[in-house]
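Take a look at the structure set out below.
Index from 1, following the sequence. Only a predicted model underlies this, so the values are computations on that prediction, with no experimental measurement involved. All values below come from the heavy atoms of this structure, side chains included, with hydrogens, waters and symmetry mates left out.
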Amino acid sequence: MRGADGRSAADPAAIIAAGFARYVERFRDLTRRAGWHFARRDWSALHDDSALRLDLYGEHVARSLAALGPVLGERLRDRAAWTSLRSTYAERIATEPDAELAETYFNSVTRRLFDTIGVDPAIEFVRRAAAPPVPDGVSGSTIVIRTRGPIEVVIGELFDRLMGSFELEDRERDVARVTAVTERALRGRELRRVEVAPAIFFRGQRAFVVGRAILDDGAYPFLVAFTNPQGRVVADAVLLDENEISVVFSFARAYFLVDVERPRELVGFLRSIMPRKPVNELYNAIGWDKHGKTELYRSLLRHLESADDRFETAPGQRGMVMCVFTLPGFDVVFKVIRDRFDPPKTTSRREVEDKYRYVFRHDRAGRLVDATEFEHLEFDLARFDPVLLEDLLRLAAETVSVRGDRVVFRHLYSERRLMPLDLYLRQADPRAARAAILDYGRTLKDLAATDIFPGDMLLKNFGVSRHGRLIFYDYDELCPLIDCVFRALPQAQTAEDEMAAEPWFWVGERD
């Protein structure tokens, strides 16, 4: 039996490609519903769809593997068969505009099947030379609005083309407000045109229009945020600074729902607005987290090939749950769960992993770092500081091992590197230190607003980003705020109680 393209219906490459196509179709179905939820203020449904979308990938990879079993039979675990299959699959997807996403899907299938340690170029796609479009290029799908009169006309057209399907509370008022902000920023310079991403970005209770204004002296990013407070949409804020827009697309926020046919083009456009933002974080930001993980790993490989720095223990106090290390020239830290936790920690490895999965699916409110989970990685033994390697083998032997000249990690997390708050305060000037402490309080409020209690609120568990924003990154004590019981601290009745080394009063598990 053959399909319309002349290939066997039992073609394994076709099965994997079809599995990826079904994943993309379902991914986009859920993404498209975001506008409907936003218009109706159905925030819980929008959140549920966002979390459901994160689960799709693993489900479709599992289905593809199940479909391959009867077709490949005894060849299912034959690496030679998969080497041939990789070549056939590469031919099949070669003309796809986002072929690298399909490659990542293929890699996920093989890695789940073989538990590959490191990478196996014979059965995986390891490198892709193509990069996102050059920053000053405009893709065919980008909306371009050229100046045909006053700036207010351009802003009005932007509203109509992007937000025209929503009921606006007061279009003329909001167009005038956005125009006023824009004119102040231009300071008399002439606006040539506006280039806008072709879809609205939805997240939480907000919608965003993202683009750049082209002037004679260059391109300037902008972002317009919209809310729906009472059933009619309102322009809520305008951002015209790269750093401020970068915070909106932060690695400490949950994923946008933005419906585009070609994610790679969108990532290229976003890079033109935020050139310092890593490609992997932009893929993460638009919901393609598995390919974001691929891009992160490839950037790590490129760094290891081009630099000679070694993995070393990360600055800061040592944790009781994680071994944390870094590469000085690579803006990431790596975390390995220790085999045993020192008192007073009573949590388990499974509970720690569950906390990380919980955060992955949760609204991170710009205050919880995004952790990427890796399995079965290996690196050159010579790239490890001896003190670090000794600690890893002593404290995390169930996860870390040495095989010949390679260090093998069964499991680890990677996160963007931040300056621990306790270290930051020691070197910051008084004004910066005061700002950081005030933001520490705002961080706790932001987390509480999204039903998160950090549990362990020591300064060493909070980091300072390059934007000076505080972000929490230690999840082993984290829990839903609604699960906590807050009690007034009892007053000591005797001097002995006052001076006791341990609490003299009863403390419940959820207190």
Side-chain angles (χ1 to χ4, degrees), residues 252 314-324 335 337-359 362-369 371 391 395-396 415 418-464 468-511:
Q317 298 183 43
R318 294 197 176 192
M320 292 183 285
V321 172
M322 295 284 195
C323 296
V324 185
K335 293 184 171 183
I337 302 176
R338 294 170 58 159
D339 296 339
R340 289 169 294 280
F341 309 144
D342 296 332
K345 296 292 185 180
T346 59
T347 189
S348 68
R349 180 187 186 92
R350 172 61 65 85
E351 289 171 333
V352 173
E353 293 175 348
D354 287 345
K355 296 290 177 63
Y356 274 80
R357 280 190 285 269
Y358 177 78
V359 170
H362 197 76
D363 177 2
R364 295 191 295 277
R367 300 297 190 171
L368 296 171
V369 73
D391 282 347
L395 300 173
E415 300 172 358
L418 301 165
M419 170 70 80
L421 180 56
D422 57 331
L423 298 185
Y424 178 84
L425 294 176
R426 292 174 195 167
Q427 62 185 48
D429 61 64
R431 183 175 181 178
R434 182 177 186 274
I437 290 299
L438 290 175
D439 200 40
Y440 170 81
R442 285 191 289 268
T443 300
L444 299 179
K445 289 184 177 181
D446 289 345
L447 292 176
T450 57
D451 191 26
I452 289 290
F453 182 65
D456 196 343
M457 294 187 289
L458 299 175
L459 299 185
K460 70 183 183 70
N461 296 329
F462 294 79
V464 184
R469 186 176 177 85
L470 255 67
I471 297 171
F472 185 67
Y473 51 65
D474 192 318
Y475 300 156
D476 57 275
E477 299 285 349
L478 174 147
C479 66
L481 183 71
I482 198 170
D483 288 350
C484 300
V485 176
F486 291 90
R487 299 172 55 203
L489 191 67
Q491 295 295 315
Q493 301 299 313
T494 66
E496 289 78 9
D497 289 343
E498 184 74 37
M499 302 301 294
E502 299 293 334
W504 50 270
F505 47 86
W506 180 81
V507 179
E509 183 178 350
R510 296 169 58 194
D511 287 348

To the nearest 0.5 Å, what is the distance between [atom1] on [X] and [atom2] on [Y]?
X      : Y      : atom1 : atom2 : value
Met457 : Leu447 : CE    : CG    : 10.5 Å
Arg349 : Asp354 : CZ    : CG    : 12.0 Å
Arg338 : Asp391 : CZ    : CG    : 8.5 Å
Asn461 : Phe472 : CG    : CZ    : 5.5 Å
Arg426 : Leu423 : CZ    : CG    : 5.0 Å
Met499 : Thr494 : CE    : OG1   : 11.5 Å

Grab the two heavy atoms, one from [X] and one from [Y], that are nearest each other, plus how far apart they are.
X      : Y      : value
Thr347 : Phe341 : O-CD1, 3.2 Å
Leu470 : Arg367 : O-NH1, 2.9 Å
Leu425 : Ala436 : CD2-CB, 4.2 Å
Pro420 : Gly316 : CG-CA, 4.5 Å
Thr450 : Ala365 : CG2-CB, 3.7 Å
Cys323 : Leu395 : SG-CB, 3.8 Å

Under 3.5 Å donor-acceptor, [X] side chain and [Y] backbone:
X      : Y      : result
Glu351 : Ser348 : yes
Lys355 : Leu478 : yes
Gln493 : Gln491 : yes

Practice problem: For Asp497, check salt bridge (Lys or Arg N to Asp or Glu O under 4.0 Å) against everything at least two apart and list the hits. | Solution: none
Side chains of [X] and [Y] in contact at under 4.5 Å (non-hydrogen atoms):
X      : Y      : answer
Lys335 : Tyr356 : yes
Leu368 : Ile471 : no
Gln427 : Met419 : yes
Leu418 : Tyr473 : yes

Quiz item: Pairs in or reaching into residues 500-511: which pass side chain to side chain donor-acceptor pair (under 3.5 Å), with residues at least two apart or in two chains?
Solution: Arg487-Asp511
Self-check item: side-chain hydrogen bond (donor to acceptor under 3.5 Å, both in side chains) involving Arg442 - partner list, sequence neighbours excluded
Solution: Asp439
Exercise. Kindly write out the residues that satisfy side-chain hydrogen bond (donor to acceptor under 3.5 Å, both in side chains) with Arg340, not counting sequence neighbours, or none if the list is empty.
Key: none
Exercise. Could you walk me through whether Phe462 and Tyr440 pass the side chain to side chain contact (heavy atoms under 4.5 Å, CB included) test, one step at a time?
Key: CA-CA 8 Å; Phe462 294 79; Tyr440 170 81; 3.6 Å; yes
Quiz item: How would you list, by chain and number, every residue that makes a side chain to side chain contact (heavy atoms under 4.5 Å, CB included) with Ile482, sequence neighbours excluded?
Solution: Asp451, Pro480
Practice problem: Taking side chain to side chain contact (heavy atoms under 4.5 Å, CB included) as the test, write out the residues that go with Lys460, two or more places apart. | Solution: Gln317, Asp422, Leu458
Self-check item: Mutual orientation of the aromatic rings belonging to Phe486 and Phe453 [parallel < 30°, tilted 30-60°, perpendicular > 60°]
Solution: perpendicular
Quiz prompt | Derivation of the side chain to side chain contact (heavy atoms under 4.5 Å, CB included) call for Arg364 and Val369 | solution = CA-CA 8 Å; Arg364 295 191 295 277; Val369 73; over 6 Å; no
Exercise. Go through the steps for Asp476 and Lys345 under the test side chain to side chain contact (heavy atoms under 4.5 Å, CB included), then give the verdict.
Key: CA-CA 9 Å; Asp476 57 275; Lys345 296 292 185 180; 2.7 Å; yes
Practice problem: Evaluate the side chain to side chain contact (heavy atoms under 4.5 Å, CB included) criterion for residues Ile452 and His362: first the C-alpha distance (whole Å), next the side-chain angles of each, then the deciding distance (0.1 Å), finally the verdict. | Solution: CA-CA 9 Å; Ile452 289 290; His362 197 76; 3.6 Å; yes
